[in-house]
2 protein chains.
Amino acid sequence: MNERAADRVREALEEDVVLGRILPGNRLDELALAERFGVSRTPVREALNRLAASGLVELRARRGAFVKAIGIAQVVEMFEVMAELEALCARLAARRINGEHTARLLQAHQACIDAAEQADADAYYHRNEAFHQAIYDACGNRFLAEQTENLRNRLTPYRRMQLHVRNRIVGSLSEHQQIVDAIRAGEEDLVVAIVKNHILIQGEKFHSLVQGLDATPSVSTAGAS
Amino acid sequence: MNERAADRVREALEEDVVLGRILPGNRLDELALAERFGVSRTPVREALNRLAASGLVELRARRGAFVKAIGIAQVVEMFEVMAELEALCARLAARRINGEHTARLLQAHQACIDAAEQADADAYYHRNEAFHQAIYDACGNRFLAEQTENLRNRLTPYRRMQLHVRNRIVGSLSEHQQIVDAIRAGEEDLVVAIVKNHILIQGEKFHSLVQGLDATPSVSTAGAS
DNA sequence: CAGATCGAAATTGTATACAAGAACGCATAA
DNA sequence: TTATGCGTTCTTGTATACAATTTCGATCTG
(Lines give C-alpha, C1' and ligand atoms only; values in the text may rest on other atoms or scores of the structure.)
Protein backbone atom coordinates (compact mmCIF):
# COMPACT_ATOMS: atom_id res chain seq x y z
CA MET A 1 0.00 0.00 0.00
CA ASN A 2 3.04 2.20 0.06
CA GLU A 3 2.29 3.45 -3.39
CA ARG A 4 4.52 5.93 -5.05
CA ALA A 5 2.98 9.32 -5.62
CA ALA A 6 4.20 9.38 -9.20
CA ASP A 7 2.39 6.12 -9.93
CA ARG A 8 -0.83 7.35 -8.40
CA VAL A 9 -0.71 10.44 -10.56
CA ARG A 10 0.12 8.48 -13.68
CA GLU A 11 -2.71 6.02 -13.20
CA ALA A 12 -5.21 8.73 -12.48
CA LEU A 13 -4.18 10.74 -15.51
CA GLU A 14 -4.18 7.64 -17.67
CA GLU A 15 -7.77 7.00 -16.71
CA ASP A 16 -8.76 10.60 -17.30
CA VAL A 17 -7.29 10.59 -20.76
CA VAL A 18 -8.51 7.15 -21.76
CA LEU A 19 -12.02 7.80 -20.52
CA GLY A 20 -12.10 11.12 -22.27
CA ARG A 21 -12.37 13.23 -19.14
CA ILE A 22 -9.49 15.28 -20.44
CA LEU A 23 -9.95 16.04 -24.09
CA PRO A 24 -7.27 15.79 -26.76
CA GLY A 25 -5.40 18.99 -27.32
CA ASN A 26 -5.78 20.11 -23.72
CA ARG A 27 -2.65 21.23 -22.03
CA LEU A 28 -1.73 19.50 -18.79
CA ASP A 29 -0.48 22.15 -16.41
CA GLU A 30 2.10 20.70 -14.07
CA LEU A 31 1.36 23.06 -11.22
CA ALA A 32 -2.38 22.54 -11.45
CA LEU A 33 -1.96 18.77 -11.46
CA ALA A 34 0.44 18.99 -8.54
CA GLU A 35 -2.13 20.90 -6.52
CA ARG A 36 -4.93 18.58 -7.57
CA PHE A 37 -3.05 15.52 -6.35
CA GLY A 38 -1.48 17.22 -3.38
CA VAL A 39 2.09 16.56 -4.45
CA SER A 40 4.93 18.57 -5.88
CA ARG A 41 5.74 19.01 -9.53
CA THR A 42 8.41 16.32 -9.48
CA PRO A 43 6.16 13.23 -9.42
CA VAL A 44 3.80 14.96 -11.82
CA ARG A 45 6.60 15.41 -14.31
CA GLU A 46 7.58 11.80 -13.89
CA ALA A 47 4.02 10.72 -14.60
CA LEU A 48 3.83 12.93 -17.68
CA ASN A 49 7.05 11.45 -19.00
CA ARG A 50 5.70 7.96 -18.66
CA LEU A 51 2.45 8.92 -20.32
CA ALA A 52 4.37 10.52 -23.15
CA ALA A 53 6.36 7.34 -23.63
CA SER A 54 3.20 5.29 -23.86
CA GLY A 55 1.83 7.71 -26.42
CA LEU A 56 -1.06 9.19 -24.48
CA VAL A 57 0.32 12.69 -24.22
CA GLU A 58 2.67 14.70 -26.34
CA LEU A 59 5.56 16.55 -24.76
CA ARG A 60 6.48 19.66 -26.66
CA ALA A 61 9.82 20.94 -25.44
CA ARG A 62 9.49 23.90 -23.11
CA ARG A 63 5.84 24.16 -24.01
CA GLY A 64 4.29 21.58 -21.76
CA ALA A 65 2.34 18.37 -22.07
CA PHE A 66 -0.69 18.08 -24.29
CA VAL A 67 -3.17 15.27 -24.53
CA LYS A 68 -2.27 13.75 -27.83
CA ALA A 69 -4.80 14.61 -30.45
CA ILE A 70 -4.94 11.46 -32.46
CA GLY A 71 -6.27 12.16 -35.89
CA ILE A 72 -8.88 9.99 -37.56
CA ALA A 73 -6.32 8.78 -40.04
CA GLN A 74 -4.01 7.63 -37.29
CA VAL A 75 -6.77 5.80 -35.46
CA VAL A 76 -7.52 3.89 -38.63
CA GLU A 77 -3.82 3.12 -38.91
CA MET A 78 -3.79 1.89 -35.34
CA PHE A 79 -6.72 -0.41 -35.97
CA GLU A 80 -4.87 -1.78 -38.96
CA VAL A 81 -1.94 -2.71 -36.73
CA MET A 82 -4.25 -3.89 -33.99
CA ALA A 83 -5.93 -6.31 -36.35
CA GLU A 84 -2.61 -7.80 -37.29
CA LEU A 85 -1.35 -8.17 -33.73
CA GLU A 86 -4.56 -9.64 -32.47
CA ALA A 87 -4.71 -12.01 -35.41
CA LEU A 88 -1.22 -13.19 -34.60
CA CYS A 89 -2.25 -13.76 -30.99
CA ALA A 90 -5.16 -15.83 -32.19
CA ARG A 91 -3.03 -17.79 -34.64
CA LEU A 92 -0.52 -18.69 -31.97
CA ALA A 93 -3.30 -19.46 -29.52
CA ALA A 94 -4.83 -21.86 -32.02
CA ARG A 95 -1.45 -23.49 -32.40
CA ARG A 96 -0.43 -23.72 -28.78
CA ILE A 97 -3.45 -23.43 -26.53
CA ASN A 98 -3.59 -25.78 -23.58
CA GLY A 99 -6.27 -26.96 -21.18
CA GLU A 100 -5.95 -24.20 -18.64
CA HIS A 101 -6.13 -21.42 -21.19
CA THR A 102 -8.98 -23.13 -22.98
CA ALA A 103 -10.98 -23.12 -19.79
CA ARG A 104 -10.31 -19.45 -19.22
CA LEU A 105 -11.26 -18.61 -22.78
CA LEU A 106 -14.52 -20.51 -22.55
CA GLN A 107 -15.31 -18.91 -19.23
CA ALA A 108 -14.67 -15.42 -20.61
CA HIS A 109 -16.83 -16.19 -23.64
CA GLN A 110 -19.69 -17.40 -21.47
CA ALA A 111 -19.45 -14.22 -19.39
CA CYS A 112 -19.89 -12.21 -22.57
CA ILE A 113 -22.94 -14.24 -23.51
CA ASP A 114 -24.49 -13.62 -20.12
CA ALA A 115 -23.91 -9.87 -20.35
CA ALA A 116 -25.39 -9.82 -23.84
CA GLU A 117 -28.52 -11.65 -22.71
CA GLN A 118 -29.03 -9.03 -20.06
CA ALA A 119 -28.44 -6.33 -22.66
CA ASP A 120 -25.92 -4.80 -20.29
CA ALA A 121 -23.67 -2.86 -22.65
CA ASP A 122 -21.32 -1.74 -19.92
CA ALA A 123 -20.79 -5.22 -18.51
CA TYR A 124 -20.37 -6.53 -22.03
CA TYR A 125 -17.66 -4.01 -22.65
CA HIS A 126 -15.62 -5.18 -19.68
CA ARG A 127 -16.16 -8.88 -20.33
CA ASN A 128 -15.28 -8.36 -23.95
CA GLU A 129 -11.96 -6.94 -22.77
CA ALA A 130 -11.41 -10.02 -20.64
CA PHE A 131 -12.25 -12.28 -23.56
CA HIS A 132 -9.63 -10.69 -25.75
CA GLN A 133 -7.14 -10.72 -22.92
CA ALA A 134 -7.71 -14.44 -22.58
CA ILE A 135 -6.71 -14.87 -26.21
CA TYR A 136 -3.57 -12.82 -25.70
CA ASP A 137 -2.60 -14.87 -22.68
CA ALA A 138 -3.16 -18.10 -24.56
CA CYS A 139 -0.77 -17.19 -27.35
CA GLY A 140 2.27 -18.33 -25.42
CA ASN A 141 4.22 -15.19 -26.29
CA ARG A 142 4.25 -12.84 -23.37
CA PHE A 143 5.91 -10.06 -25.30
CA LEU A 144 3.27 -10.18 -27.99
CA ALA A 145 0.55 -10.29 -25.37
CA GLU A 146 1.90 -7.17 -23.71
CA GLN A 147 2.27 -5.25 -26.95
CA THR A 148 -1.22 -6.14 -28.01
CA GLU A 149 -2.68 -5.21 -24.67
CA ASN A 150 -0.87 -1.87 -24.80
CA LEU A 151 -2.25 -1.01 -28.18
CA ARG A 152 -5.70 -2.19 -27.15
CA ASN A 153 -5.60 0.20 -24.21
CA ARG A 154 -4.65 3.06 -26.44
CA LEU A 155 -7.61 2.31 -28.67
CA THR A 156 -10.03 2.01 -25.79
CA PRO A 157 -11.87 5.31 -26.26
CA TYR A 158 -12.46 4.63 -29.94
CA ARG A 159 -13.75 1.14 -29.35
CA ARG A 160 -15.91 2.21 -26.48
CA MET A 161 -17.68 4.82 -28.53
CA GLN A 162 -19.08 2.34 -31.02
CA LEU A 163 -20.15 -0.52 -28.84
CA HIS A 164 -23.47 1.23 -28.48
CA VAL A 165 -24.10 0.97 -32.17
CA ARG A 166 -27.22 -1.09 -32.77
CA ASN A 167 -26.76 -4.84 -32.96
CA ARG A 168 -23.01 -4.59 -32.68
CA ILE A 169 -23.07 -6.73 -29.57
CA VAL A 170 -24.93 -9.52 -31.30
CA GLY A 171 -22.53 -9.47 -34.20
CA SER A 172 -19.54 -9.29 -31.89
CA LEU A 173 -20.77 -12.27 -29.92
CA SER A 174 -21.26 -14.37 -33.00
CA GLU A 175 -17.72 -13.60 -34.05
CA HIS A 176 -16.49 -14.54 -30.59
CA GLN A 177 -18.10 -17.95 -30.97
CA GLN A 178 -16.40 -18.48 -34.30
CA ILE A 179 -13.10 -17.44 -32.82
CA VAL A 180 -13.40 -19.84 -29.90
CA ASP A 181 -14.34 -22.71 -32.18
CA ALA A 182 -11.51 -22.03 -34.59
CA ILE A 183 -8.93 -21.77 -31.82
CA ARG A 184 -10.06 -25.02 -30.22
CA ALA A 185 -9.99 -26.72 -33.59
CA GLY A 186 -6.50 -25.40 -34.22
CA GLU A 187 -7.63 -23.77 -37.46
CA GLU A 188 -4.97 -21.08 -37.66
CA ASP A 189 -5.76 -19.51 -41.00
CA LEU A 190 -9.45 -19.48 -40.27
CA VAL A 191 -9.12 -17.79 -36.90
CA VAL A 192 -6.74 -15.21 -38.39
CA ALA A 193 -9.32 -14.28 -40.99
CA ILE A 194 -12.11 -14.03 -38.45
CA VAL A 195 -10.12 -11.96 -35.98
CA LYS A 196 -8.82 -9.55 -38.58
CA ASN A 197 -12.34 -8.98 -39.73
CA HIS A 198 -13.53 -8.68 -36.13
CA ILE A 199 -11.07 -5.88 -35.43
CA LEU A 200 -11.23 -4.11 -38.76
CA ILE A 201 -14.99 -3.87 -38.43
CA GLN A 202 -14.39 -1.71 -35.41
CA GLY A 203 -12.00 0.51 -37.32
CA GLU A 204 -14.50 0.92 -40.10
CA LYS A 205 -17.38 1.54 -37.74
CA PHE A 206 -15.31 4.16 -36.02
CA HIS A 207 -14.46 5.73 -39.33
CA SER A 208 -18.00 5.99 -40.57
CA LEU A 209 -19.13 7.08 -37.14
CA VAL A 210 -16.89 10.11 -36.94
CA GLN A 211 -17.52 10.93 -40.57
CA GLY A 212 -21.22 10.98 -39.92
CA LEU A 213 -20.92 12.95 -36.72
CA ASP A 214 -18.56 15.76 -37.35
CA ALA A 215 -16.37 17.35 -39.94
CA THR A 216 -13.29 17.71 -37.82
CA PRO A 217 -11.10 19.68 -40.18
CA SER A 218 -7.90 18.42 -38.64
CA VAL A 219 -6.74 16.38 -41.56
CA SER A 220 -8.77 15.66 -44.65
CA THR A 221 -11.37 18.20 -45.76
CA ALA A 222 -8.77 20.81 -46.51
CA GLY A 223 -10.68 23.89 -47.52
CA ALA A 224 -13.95 23.10 -45.81
CA SER A 225 -16.24 25.91 -44.63
CA MET B 1 21.32 22.89 -30.76
CA ASN B 2 19.64 23.89 -27.55
CA GLU B 3 19.27 20.30 -26.59
CA ARG B 4 17.76 19.32 -23.31
CA ALA B 5 20.14 17.72 -20.88
CA ALA B 6 17.68 14.92 -20.20
CA ASP B 7 17.58 14.05 -23.90
CA ARG B 8 21.34 14.00 -24.19
CA VAL B 9 21.54 11.62 -21.26
CA ARG B 10 18.79 9.43 -22.63
CA GLU B 11 20.36 9.14 -26.06
CA ALA B 12 23.78 8.40 -24.65
CA LEU B 13 22.44 5.75 -22.31
CA GLU B 14 20.34 4.26 -25.08
CA GLU B 15 23.43 3.84 -27.18
CA ASP B 16 25.40 2.37 -24.31
CA VAL B 17 22.74 -0.22 -23.64
CA VAL B 18 21.98 -1.05 -27.24
CA LEU B 19 25.64 -1.38 -28.16
CA GLY B 20 26.25 -3.51 -25.13
CA ARG B 21 28.63 -1.12 -23.41
CA ILE B 22 26.52 -1.51 -20.31
CA LEU B 23 25.67 -5.12 -19.70
CA PRO B 24 22.25 -6.47 -18.75
CA GLY B 25 21.74 -6.71 -15.03
CA ASN B 26 23.97 -3.79 -14.27
CA ARG B 27 22.56 -1.17 -12.00
CA LEU B 28 22.48 2.38 -13.28
CA ASP B 29 23.47 4.62 -10.41
CA GLU B 30 21.77 7.99 -10.69
CA LEU B 31 24.49 9.91 -8.95
CA ALA B 32 27.28 8.32 -10.96
CA LEU B 33 25.44 9.04 -14.21
CA ALA B 34 24.79 12.59 -13.10
CA GLU B 35 28.49 13.14 -12.48
CA ARG B 36 29.44 11.45 -15.73
CA PHE B 37 27.22 13.75 -17.76
CA GLY B 38 27.85 16.81 -15.63
CA VAL B 39 24.22 17.32 -14.71
CA SER B 40 22.07 16.83 -11.65
CA ARG B 41 20.04 13.77 -10.82
CA THR B 42 16.82 15.29 -12.16
CA PRO B 43 17.49 14.92 -15.90
CA VAL B 44 19.10 11.56 -15.24
CA ARG B 45 15.93 10.32 -13.60
CA GLU B 46 13.89 11.63 -16.49
CA ALA B 47 16.09 9.76 -18.92
CA LEU B 48 15.83 6.55 -16.91
CA ASN B 49 12.06 6.84 -16.88
CA ARG B 50 11.95 7.17 -20.63
CA LEU B 51 14.29 4.24 -21.06
CA ALA B 52 12.15 2.16 -18.74
CA ALA B 53 9.09 2.99 -20.78
CA SER B 54 10.77 1.88 -23.97
CA GLY B 55 11.75 -1.35 -22.28
CA LEU B 56 15.52 -0.95 -22.20
CA VAL B 57 15.87 -0.72 -18.45
CA GLU B 58 13.85 -2.03 -15.57
CA LEU B 59 12.86 0.23 -12.71
CA ARG B 60 12.55 -1.60 -9.43
CA ALA B 61 10.81 0.58 -6.87
CA ARG B 62 13.23 2.14 -4.41
CA ARG B 63 15.94 -0.12 -5.71
CA GLY B 64 17.11 1.69 -8.77
CA ALA B 65 17.32 1.14 -12.49
CA PHE B 66 18.78 -2.01 -13.98
CA VAL B 67 19.60 -2.74 -17.57
CA LYS B 68 16.90 -5.16 -18.52
CA ALA B 69 18.18 -8.67 -18.88
CA ILE B 70 16.18 -9.95 -21.80
CA GLY B 71 16.04 -13.70 -21.73
CA ILE B 72 16.62 -15.80 -24.81
CA ALA B 73 13.01 -16.84 -24.84
CA GLN B 74 11.84 -13.26 -24.92
CA VAL B 75 14.19 -12.36 -27.74
CA VAL B 76 12.73 -15.19 -29.78
CA GLU B 77 9.28 -13.88 -28.93
CA MET B 78 10.30 -10.43 -30.06
CA PHE B 79 11.56 -11.74 -33.36
CA GLU B 80 8.23 -13.49 -33.81
CA VAL B 81 6.42 -10.17 -33.44
CA MET B 82 9.03 -8.37 -35.50
CA ALA B 83 8.49 -10.75 -38.40
CA GLU B 84 4.78 -10.08 -38.34
CA LEU B 85 5.11 -6.29 -38.16
CA GLU B 86 7.71 -6.13 -40.85
CA ALA B 87 5.70 -8.44 -43.06
CA LEU B 88 2.72 -6.16 -42.65
CA CYS B 89 4.85 -3.18 -43.63
CA ALA B 90 5.95 -5.03 -46.72
CA ARG B 91 2.41 -6.09 -47.60
CA LEU B 92 1.12 -2.55 -47.37
CA ALA B 93 4.14 -1.25 -49.23
CA ALA B 94 3.43 -3.71 -52.04
CA ARG B 95 -0.14 -2.47 -52.10
CA ARG B 96 0.43 1.26 -51.90
CA ILE B 97 3.97 2.11 -52.90
CA ASN B 98 4.41 5.13 -55.12
CA GLY B 99 7.17 6.49 -57.33
CA GLU B 100 9.01 8.44 -54.72
CA HIS B 101 9.17 5.58 -52.24
CA THR B 102 10.12 3.16 -54.98
CA ALA B 103 13.09 5.31 -55.86
CA ARG B 104 14.20 5.44 -52.24
CA LEU B 105 13.81 1.70 -51.87
CA LEU B 106 15.86 0.99 -54.97
CA GLN B 107 18.51 3.42 -53.85
CA ALA B 108 18.75 1.81 -50.40
CA HIS B 109 18.96 -1.61 -52.01
CA GLN B 110 21.76 -0.51 -54.32
CA ALA B 111 23.65 0.92 -51.35
CA CYS B 112 23.47 -2.50 -49.70
CA ILE B 113 24.80 -4.15 -52.83
CA ASP B 114 27.73 -1.76 -52.92
CA ALA B 115 28.59 -2.41 -49.30
CA ALA B 116 28.39 -6.15 -49.85
CA GLU B 117 30.72 -5.99 -52.85
CA GLN B 118 33.26 -4.21 -50.71
CA ALA B 119 32.74 -6.82 -47.99
CA ASP B 120 32.24 -3.99 -45.54
CA ALA B 121 30.15 -5.61 -42.83
CA ASP B 122 29.77 -2.44 -40.83
CA ALA B 123 28.60 -0.37 -43.76
CA TYR B 124 26.27 -3.18 -44.77
CA TYR B 125 24.75 -3.15 -41.32
CA HIS B 126 23.86 0.52 -41.52
CA ARG B 127 22.61 0.37 -45.10
CA ASN B 128 20.56 -2.66 -44.26
CA GLU B 129 18.89 -0.58 -41.57
CA ALA B 130 18.15 2.10 -44.13
CA PHE B 131 16.74 -0.49 -46.53
CA HIS B 132 14.28 -1.77 -43.98
CA GLN B 133 13.41 1.77 -42.96
CA ALA B 134 12.59 2.50 -46.58
CA ILE B 135 10.09 -0.34 -46.53
CA TYR B 136 8.50 0.97 -43.36
CA ASP B 137 8.18 4.44 -44.81
CA ALA B 138 6.62 3.08 -47.97
CA CYS B 139 3.83 1.29 -46.14
CA GLY B 140 1.70 4.41 -45.87
CA ASN B 141 0.94 3.81 -42.22
CA ARG B 142 3.07 6.07 -40.10
CA PHE B 143 1.94 4.45 -36.86
CA LEU B 144 2.94 1.02 -38.07
CA ALA B 145 6.23 2.39 -39.33
CA GLU B 146 7.01 3.87 -35.93
CA GLN B 147 6.10 0.73 -34.02
CA THR B 148 8.18 -1.41 -36.30
CA GLU B 149 11.14 0.92 -36.07
CA ASN B 150 10.88 0.90 -32.29
CA LEU B 151 10.91 -2.85 -32.08
CA ARG B 152 13.72 -3.03 -34.58
CA ASN B 153 15.81 -0.75 -32.42
CA ARG B 154 15.19 -2.90 -29.40
CA LEU B 155 16.39 -5.93 -31.32
CA THR B 156 19.49 -4.21 -32.60
CA PRO B 157 22.06 -5.92 -30.40
CA TYR B 158 20.72 -9.36 -31.26
CA ARG B 159 20.68 -8.71 -34.97
CA ARG B 160 24.08 -7.11 -34.91
CA MET B 161 25.67 -10.12 -33.26
CA GLN B 162 24.84 -12.46 -36.11
CA LEU B 163 25.57 -10.35 -39.13
CA HIS B 164 29.11 -11.63 -38.94
CA VAL B 165 27.94 -15.17 -39.44
CA ARG B 166 29.45 -16.56 -42.60
CA ASN B 167 27.62 -15.86 -45.82
CA ARG B 168 24.75 -14.20 -44.05
CA ILE B 169 25.26 -11.02 -46.03
CA VAL B 170 25.00 -12.81 -49.35
CA GLY B 171 21.82 -14.54 -48.28
CA SER B 172 20.41 -11.34 -46.89
CA LEU B 173 21.10 -9.49 -50.09
CA SER B 174 19.41 -12.12 -52.19
CA GLU B 175 16.34 -11.86 -50.00
CA HIS B 176 16.40 -8.10 -50.36
CA GLN B 177 16.29 -8.45 -54.11
CA GLN B 178 13.29 -10.75 -53.89
CA ILE B 179 11.57 -8.31 -51.55
CA VAL B 180 12.13 -5.36 -53.86
CA ASP B 181 10.84 -7.30 -56.85
CA ALA B 182 7.76 -8.52 -55.02
CA ILE B 183 6.90 -5.07 -53.72
CA ARG B 184 7.26 -3.48 -57.13
CA ALA B 185 5.13 -6.23 -58.63
CA GLY B 186 2.49 -5.71 -55.95
CA GLU B 187 2.71 -9.37 -54.94
CA GLU B 188 1.46 -8.99 -51.38
CA ASP B 189 1.33 -12.59 -50.29
CA LEU B 190 4.68 -13.35 -51.83
CA VAL B 191 6.46 -10.47 -50.14
CA VAL B 192 4.89 -11.36 -46.81
CA ALA B 193 6.28 -14.87 -47.05
CA ILE B 194 9.74 -13.65 -48.00
CA VAL B 195 9.92 -11.02 -45.29
CA LYS B 196 8.70 -13.32 -42.55
CA ASN B 197 11.32 -15.79 -43.52
CA HIS B 198 13.93 -13.04 -43.75
CA ILE B 199 13.28 -11.95 -40.17
CA LEU B 200 12.68 -15.34 -38.63
CA ILE B 201 16.00 -16.53 -39.99
CA GLN B 202 17.61 -13.94 -37.77
CA GLY B 203 15.70 -15.13 -34.76
CA GLU B 204 16.72 -18.70 -35.41
CA LYS B 205 20.33 -17.77 -36.04
CA PHE B 206 20.33 -15.89 -32.78
CA HIS B 207 18.80 -18.82 -31.01
CA SER B 208 21.29 -21.37 -32.27
CA LEU B 209 24.08 -18.90 -31.70
CA VAL B 210 23.41 -18.45 -28.01
CA GLN B 211 22.66 -22.13 -27.58
CA GLY B 212 26.03 -22.95 -29.03
CA LEU B 213 27.76 -20.41 -26.86
CA ASP B 214 26.44 -20.98 -23.41
CA ALA B 215 24.41 -23.47 -21.45
CA THR B 216 21.83 -21.61 -19.38
CA PRO B 217 22.50 -17.91 -18.92
CA SER B 218 18.82 -17.42 -18.24
CA VAL B 219 19.19 -14.43 -15.96
CA SER B 220 22.01 -12.04 -15.50
CA THR B 221 25.59 -13.16 -16.14
CA ALA B 222 26.25 -9.53 -15.44
CA GLY B 223 29.52 -9.68 -13.62
CA ALA B 224 31.08 -12.19 -15.93
CA SER B 225 34.74 -11.40 -15.99
C1' DC C 1 -5.90 52.05 -36.17
C1' DA C 2 -2.47 48.37 -37.18
C1' DG C 3 1.74 46.48 -36.28
C1' DA C 4 5.88 45.79 -33.93
C1' DT C 5 8.72 45.74 -30.00
C1' DC C 6 9.81 45.46 -25.41
C1' DG C 7 8.73 43.75 -20.80
C1' DA C 8 6.48 41.26 -17.18
C1' DA C 9 4.33 37.12 -15.79
C1' DA C 10 3.89 32.41 -16.15
C1' DT C 11 5.74 27.94 -17.10
C1' DT C 12 9.13 24.60 -18.13
C1' DG C 13 13.82 22.68 -17.18
C1' DT C 14 17.47 21.98 -13.78
C1' DA C 15 19.71 22.00 -9.34
C1' DT C 16 19.76 21.32 -4.58
C1' DA C 17 17.90 20.11 -0.17
C1' DC C 18 15.34 16.98 2.59
C1' DA C 19 12.82 12.56 3.88
C1' DA C 20 12.23 7.70 3.78
C1' DG C 21 13.51 3.19 2.76
C1' DA C 22 16.99 -0.43 1.59
C1' DA C 23 21.61 -2.43 1.58
C1' DC C 24 25.62 -3.30 4.09
C1' DG C 25 28.61 -4.12 7.83
C1' DC C 26 29.76 -4.77 12.42
C1' DA C 27 29.22 -6.41 16.78
C1' DT C 28 27.49 -9.73 19.84
C1' DA C 29 25.87 -14.01 21.30
C1' DA C 30 25.04 -18.96 20.82
C1' DT D 1 32.44 -20.02 13.50
C1' DT D 2 28.01 -18.69 12.19
C1' DA D 3 23.72 -16.47 12.60
C1' DT D 4 21.12 -12.63 14.13
C1' DG D 5 20.08 -7.95 15.45
C1' DC D 6 20.99 -3.21 15.25
C1' DG D 7 22.69 0.92 13.38
C1' DT D 8 25.13 3.49 9.85
C1' DT D 9 25.37 4.74 5.24
C1' DC D 10 24.00 4.91 0.75
C1' DT D 11 20.29 5.44 -2.61
C1' DT D 12 15.90 6.49 -4.12
C1' DG D 13 11.67 9.49 -3.92
C1' DT D 14 9.81 14.07 -3.10
C1' DA D 15 9.84 18.97 -2.22
C1' DT D 16 11.51 23.43 -2.99
C1' DA D 17 14.40 26.88 -4.95
C1' DC D 18 16.51 28.83 -9.00
C1' DA D 19 17.35 29.60 -14.04
C1' DA D 20 15.90 29.98 -18.65
C1' DT D 21 12.55 30.38 -22.15
C1' DT D 22 8.13 31.26 -23.91
C1' DT D 23 3.86 33.69 -24.06
C1' DC D 24 0.87 37.32 -23.57
C1' DG D 25 -0.07 42.08 -23.08
C1' DA D 26 0.80 46.85 -23.02
C1' DT D 27 2.83 50.65 -25.01
C1' DC D 28 4.78 53.14 -28.55
C1' DT D 29 5.24 54.34 -33.35
C1' DG D 30 4.08 54.56 -38.26
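Only heavy atoms go into these numbers, but all of them, side chains included; no hydrogens, no water, no symmetry mates. Because the structure is a prediction, the values reported are computed rather than measured. Naming convention: chains lettered A, B, ... in sequence-line order (proteins, then strands); numbering from 1 in each chain.
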N or O in side chain of B:Arg4 less than 4.0 angstrom from C:dG13 OP1/OP2: yes
Stretch residues 32-40 of chain B: residues that reach within less than 4.0 Å of DNA chain C through a heavy atom: B:Val39, B:Ser40
side-chain N/O B:Arg27 vs D:dT12 OP1/OP2, d < 4.0 Å: yes
Residues A:Glu46 and A:Arg4 bridged, charged N to O under 4.0 Å: yes
NZ/NE/NH1/NH2 to OD/OE distance under 4.0 Å, A:Arg96 and B:Glu80: yes
Gap between atoms CG and P, on A:Leu31 and D:dT14 respectively (whole Å): 17 Å
Sugar-phosphate, base or nothing in reach of A:Arg63, heavy atoms under 4.0 Å: sugar-phosphate
Pair B:Arg41 + B:Glu30: basic N to acidic O under 4.0 Å: yes
Basic-acidic side-chain contact under 4.0 Å: B:Arg36, B:Asp16: yes
Separation of atom CZ in A:Arg62 from atom P in D:dA19, rounded to whole Å: 15 Å
Length of the CZ-C1' vector between A:Arg10 and D:dG13, whole Å: 15 Å
For atom CZ of B:Phe66 and atom C1' of D:dT12, their distance in whole Å: 11 Å
No-hydrogen, no-angle side-chain donor-acceptor test under 3.5 Å, A:Gln133 and A:Asp137: yes
Whether A:His198 and A:His176 hold their rings parallel, tilted or perpendicular, with breakpoints at 30° and 60°: perpendicular
salt_bridge(A:Glu129, A:Arg152) N-O dist < 4.0 Å: yes
Side chain of B:Glu30 - closest among C:dT12, D:dT12, C:dA15: D:dT12
Length of the line joining A:Asp7:CG and D:dT12:C1', which is rounded to integer Å: 13 Å
Ring pair (Phe, Tyr, Trp, His ring centres under 6.0 Å) contacts in which one or both residues fall within residues 22-45 of chain A, not counting sequence neighbours: none
Residues touching DNA chain C, which here means a heavy atom under 4.0 Å, drawn from residues 43-56 of chain A: A:Arg45
Distance-only polar pair, side chains of A:Gln110 and A:Asp114, donor-acceptor under 3.5 Å: yes
Atom-to-atom span, CG of B:Asp29 to C1' of D:dT9 - whole angstrom: 14 Å
A:Arg41 CZ - D:dT14 C1' separation (whole Å): 13 Å
Gap between atoms CG and P, on B:Leu59 and D:dT11 respectively (whole Å): 16 Å
